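The sequence lines fix the lettering, A, B, ..., with proteins before strands; numbering per chain opens at 1. Since the structure is predicted, the reported quantities are computational estimates derived from the model, not experimental observations.
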2 protein chains.
Amino acid sequence: MSQRGRPRTFDRDDALRRAMELFWEKGYGGASLADLTETMGINSPSLYAAFGSKQALFDEAVDLYARTESPEIWEALSVEPTARDAVASFLRLTALSFSRPGKPAGCLIVLGALHDSDASAEACAALRRHRAENVEAVRARLERGIAEGDVPAGTDCETVARFFLTVQQGMSIQARDGATRERLHALAEGAMAAWDGLVGATATR
Amino acid sequence: MSQRGRPRTFDRDDALRRAMELFWEKGYGGASLADLTETMGINSPSLYAAFGSKQALFDEAVDLYARTESPEIWEALSVEPTARDAVASFLRLTALSFSRPGKPAGCLIVLGALHDSDASAEACAALRRHRAENVEAVRARLERGIAEGDVPAGTDCETVARFFLTVQQGMSIQARDGATRERLHALAEGAMAAWDGLVGATATR
DNA sequence: ATGATTATGTATCGATCATTACATAATGGA
DNA sequence: TCCATTATGTAATGATCGATACATAATCAT
């Protein structure tokens with residue numbers, strides 16, 4: 001089936017990528033339609049025809065972000081041989097991702113929409129869902145560590161995962177406050193200093 | 001000198017406190033003038049006459065927050081006998097403060113305004129200044145620990161302080177995501193598991 | 001060539017944003 | 001009592017918000 005009607009004159013993927021970076025920099029509420037259309041190089045009717053609404057555009061932008069920005073962070077969870085190596089790599093790659101020259105500092109999933117009380121309620125809920133998935137991914141990796149013997153049996157993987165995700169989320173704030181790549185890396189190392197105490201303390205012995 | 005003219009019919013301190021809680025819940029950008037006047041129980045001309053502008057009101061609200069909401073968190077830094085006890089208490093009291101029934105979850109200083117690109121640039125800068133002061137307060141307490149002998153000489157207090165503040169900032173996100181008081185407490189404990197590794201690793205031996 | 005279909009640019013929609021003019025009301029000082 | 005001063009409520013300001021109406025342009029199927 002071929003396309004009918006007048007073809008669009010802009011690259012949808014490219015426009016979406018630009019919108020994603022604007023949402024990343026300014027947040028859902030901070031990125032106005034005027035900002036978006038200017039950044040995307042299109043007029044608002046084209047935006048609405050191609051994406052539906054600001055909210056739908058944001059949803060697509062978040063999906064693009066999760067899919068293309070630093071997937072290595074999550075790939076590390078499965079690639080690294082032990083759970084400890086996996087989390088260490090997860091945090092180290094986060095430090096890199098949050099401090100890329102030419103890209104907004106920190107994480108869209110964390111900084112994109114924090115307050116659900118206003119018109120950005122749906123955007124906030126979508127990001128919250130993503131954050132919950134991220135906790136789950138780390139938790140699952142820790143469980144695998146138990147199964148493979150490199151994490152003490154009985155470790156409270158949920159609690160441990162939430163701790164490391166909390167550090168990662170704090171790193172977004174730090175990155176926005178101007179923390180250098182070296183400082184973010186030190187934070188990752190600092191969090192790993194808690195590993196032995198964490199998996200030891202929450203394990204049944 | 002006595003007051004002249006018609007006296008105001010509302011309690012300025014009470015109105016400011018209500019505004020603070022609204023900013024705390026919705027953020028600077030998320031709290032509209034209509035929201036504020038409704039919550040404060042006054043009309044906009046009264047608001048402007050008493051506080052000057054939305055930005056000035058926010059500044060006063062942030063000051064009130066820092067002064068009255070959980071000052072015990074910062075008092076603990078000077079009260080506790082050792083730097084380790086001080087940081088542990090700092091985090092434990094943070095967990096309490098971020099999960100008070102009837103109050104917004106998390107911290108106004110962290111969640112109030114994260115994006116400086118929009119109209120909330122000044123609000124964002126003010127909060128950033130507060131966060132920098134908070135790092136400095138913990139760093140100073142760690143330095144005191146060195147002077148008093150309970151922290152290894154040569155410890156990189158700046159790095160260690162930034163780590164614990166990062167966890168505290170991440171706890172604001174977690175609190176907003178619905179983390180219970182118990183979960184926040186577990187995060188505080190988890191961070192303390194990094195103490196020995198952190199102060200040991202960054203100390204010159 | 002004609003018509004159905006889809007995209008584009010201009011121009012605008014009502015709603016909401018922060019802020020303020022203005023007339024009126026209530027106080028103290030003279 | 002009269003005036004200067006300050007606060008209040010109503011109503012409006014221009015700007016910007018997200019979202020569209022509408023006429024025109026460009027493609028495909030027939």
query: Does a salt bridge link R84(B) with D196(B), judged by any charged N lying under 4.0 Å from a carboxylate O?
result: yes
message: Does this structure show an ion pair linking R18(B) with E21(B), if we count only N-O contacts that are shorter than 4.0 Å?
response: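 Judged by the 4.0 Å cut-off on N to carboxylate O distance, R18(B) and E21(B) do not form a salt bridge.
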Got [X] and [Y] here, is their nearest side-chain heavy-atom distance under 4.5 Å?
X: T155(B); Y: L142(B); value: no
X: L93(B); Y: W74(B); value: no
X: M192(A); Y: F164(A); value: yes

How many whole angstroms separate atom [atom1] of [X] from atom [atom2] of [N]?
X: E38(A); N: dG18(D); atom1: CD; atom2: P; result: 14 Å
X: D35(A); N: dA15(D); atom1: CG; atom2: P; result: 18 Å
X: L36(A); N: dT16(D); atom1: CG; atom2: C1'; result: 14 Å
X: F10(B); N: dA7(D); atom1: CZ; atom2: C1'; result: 9 Å
X: R4(B); N: dA25(C); atom1: CZ; atom2: C1'; result: 17 Å
X: D11(A); N: dA7(C); atom1: CG; atom2: P; result: 14 Å
X: F51(B); N: dT19(C); atom1: CZ; atom2: P; result: 14 Å

Side-chain N or O of T9(A) closer than 4.0 Å to phosphate OP1/OP2 of dA7(C): no
task: Say whether R17(B) and T68(B), considering side chains only, have a donor N or O and an acceptor N or O under 3.5 Å apart.
output: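 On atom types as modelled, these side chains do not qualify, holding no pair under 3.5 Å.
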- prompt: With a 3.5 Å cut-off and no angle check, do the side chains of N43(A) and S46(A) form a donor-acceptor pair?
  reply: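 No pair is found: no donor N or O on one side chain lies under 3.5 Å from an acceptor on the other.
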task: Examine distances only and state if a side-chain atom of H115(B) and a backbone atom of C124(B) form a donor-acceptor pair shorter than 3.5 Å.
output: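 No.
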task: Using a cut-off of strictly less than 4.0 Å between a heavy atom of the residue and any atom of DNA chain D, enumerate the qualifying residues of residues 12-23 of chain A by number.
output: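 Hits under 4.0 Å, by residue number: none.
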- request: Tell me whether the guanidinium CZ or amine NZ of K54(B) lies under 6.0 angstrom from the six-membered ring centre of Y28(B) and within 45° of its axis.
  value: yes
Any donor-acceptor N/O pair under 3.5 Å between dA7(D) base and R8(B) side chain: no
query: For DNA chain C, whose closest nucleotide is more 5', that of A34(B) or that of R6(B)?
result: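 It is A34(B) whose nearest nucleotide is closer to the 5' end.
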Compare the minimum distances between each of [options] and the side chain of [X], then state the nucleotide with the smallest one.
X: S53(B); options: dA7(D), dC17(D), dT19(C); answer: dT19(C)
X: K54(B); options: dA26(D), dA4(D), dT19(C); answer: dT19(C)
X: P7(A); options: dA26(D), dT6(D), dT8(C); answer: dA26(D)

- prompt: Quick one, which residues of residues 42-50 of chain A touch DNA chain C with a heavy atom under 4.0 Å?
  reply: N43(A), S44(A), P45(A), S46(A)
